[in-house]
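Before any comments, here is the structure.
Being a predicted model, the structure only gives us computed values, none of them experimental. Whatever order the structure lists ligands and atoms in, that order sets their numbers, starting from 1.
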Amino acid sequence: MNIPEFPIPFVKMSGTGNDFILIDHRQPLIEPESMSAFAAAVCRRKFSVGADGLILIENSEQADFRWRFFNADGSVAEMCGNGARCAARFAFMQGIAPAKMRFETLAGIIEAEVSGDEVAVKMTEPRDLRLHQTISVNNAPLIMHSLNTGVPHAVVFVDNIEETDVCGLGRAIRYHEAFQPAGTNVNFVQKRGEAFKVRTYERGVEDETLACGTGSAASAIIAALLGQAASPVEIITSGNDRLMILFDLSKVKAGGTGPIVYNVFLKGPARIIYEGELRNEALL
Ligand SMILES: N[C@@H](CCC[C@H](N)C(=O)O)C(=O)O
């Protein structure tokens with residue numbers, strides 16, 4: 001890795017327990033070929049700052065800014081719902097963007113609105129919907145659904161979410177041949193009154209995270225398509241925080257087949273935990 005010039009100012013943020021390191025990278029500090037290794041080093045818990053992901057905010061010619069998003073293992077993700085809410089608040093706070101903004105991600109343009117510590121983002125149009133797939137996991141048939149809400153998600157409805165082996169089952173599904181080569185994030189979902197509890201095994205973190213925005217959106221939309229919910233859907237995260245998912249749904253596409261879902265919004269808190277300066281020892 002090319003060693004960047006230290007110290008590097010950063011902000012640590014949490015989107016309902018999904019935590020990120022944010023860096024204003026409009027003046028480039030880290031060489032593109034070193035970014036993945038840099039992300040993996042600074043996201044390493046207990047040895048460095050520790051986080052589920054790294055977000056670099058850069059200049060854009062089409063929007064208020066663009067981001068580069070890295071998972072904790074250094075892999076690049078096309079989109080991250082909670083990261084998007086944190087990035088919007090960071091950009092507003094640093095004077096990079098107004099309260100109502102647009103920014104570029106690999107999944108497309110994201111619209112966001114910041115109001116205090118609450119941030120709403122308009123997600124990309126969901127795609128690649130598959131309902132009622134049966135795959136074999138640990139030699140047993142498992143029924144699941146899948147949807148791409150910016151990144152790929154599998155959704156499994158369970159009867160006892162507390163007892164579900166999120167890491168064991170999640171890893172088996174994440175690496176299942178049905179989802180290769182990209183792999184998938186995996187959400188386990190259980191209805192709780194009018195709300196839904198969601199626990200997510202995240203690709204690129206390779207662990208359960210305390211919340212997942214795109215996973216919550218995929219779970220809410222699939223619950224609605226199965227007739228179990230209607231927008232707005234309240235999601236209870238693993239960390240017992242709340243996210244709201246709003247969307248429009250029409251059961252049949254005009255002149256075609258299959259449902260369409262559009263105007264998908266993800267709303268919830270995006271909190272600033274601390275600000276600091278990275279030293280070179282953060283990479284050791
Ligand atoms: N935590 C995220 C999703 C981040 C990307 C994911 N790990 C992937 O690689 O697909 C969210 O809040 O949406």
task = Could you verify whether a donor N or O on one side chain and an acceptor N or O on the other, from N71 and S75, lie under 3.5 Å apart?
result =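 S75 and N71 do have a side-chain donor-acceptor pair below 3.5 Å.
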Under the 3.5 angstrom rule, does the side chain of [X] hit a backbone N or O of [Y] as a donor-acceptor pair?
X    : Y    : answer
T149 : T214 : yes
T184 : A154 : yes
D19  : D52  : yes
E5   : L29  : no
H153 : S219 : no

inquiry  = If you measure every N or O of F69 against every N or O of ligand 1, does any of those distances drop under 3.5 Å?
reply    =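 No; the residue has no nitrogen or oxygen that sits under 3.5 Å from a nitrogen or oxygen of the ligand.
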ask   = Can you find an N/O atom of M79 closer than 3.5 Å to an N/O atom of ligand 1?
value =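 Between M79 and ligand 1 (N or O atoms, distance only) the closest approach is not under 3.5 Å.
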request  = Just let me know how R203 lines up against ligand 1, side chain, backbone, both or neither, with a heavy-atom cut-off below 4.0 Å.
outcome  =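 It is both parts that get close, each with some atom under 4.0 Å.
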Heavy-atom gap [X] to ligand 1 smaller than 4.0 Å:
X    : result
E78  : no
G204 : no
T209 : no
N71  : yes

Plane angle bin for W67 and F69 - parallel if under 30°, tilted between 30 and 60°, otherwise perpendicular =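 F69 and W67: tilted rings.
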key: Closest to atom 10 (O) of ligand 1 among L266, V121, N185 (heavy-atom distance)   =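 Residue with the shortest heavy-atom distance to the ligand atom: N185.
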inquiry  = Given T184, N18, T16, identify the one with the heavy atom nearest to atom 1 (N) of ligand 1.
reply    =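 Considering heavy atoms of T184, N18, T16, the nearest to atom 1 (N) of ligand 1 sits in N18.
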query = Which atoms of ligand 1 are found less than 4.0 Å from any heavy atom of V151?
reply =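 What qualifies from ligand 1 is 10 (O).
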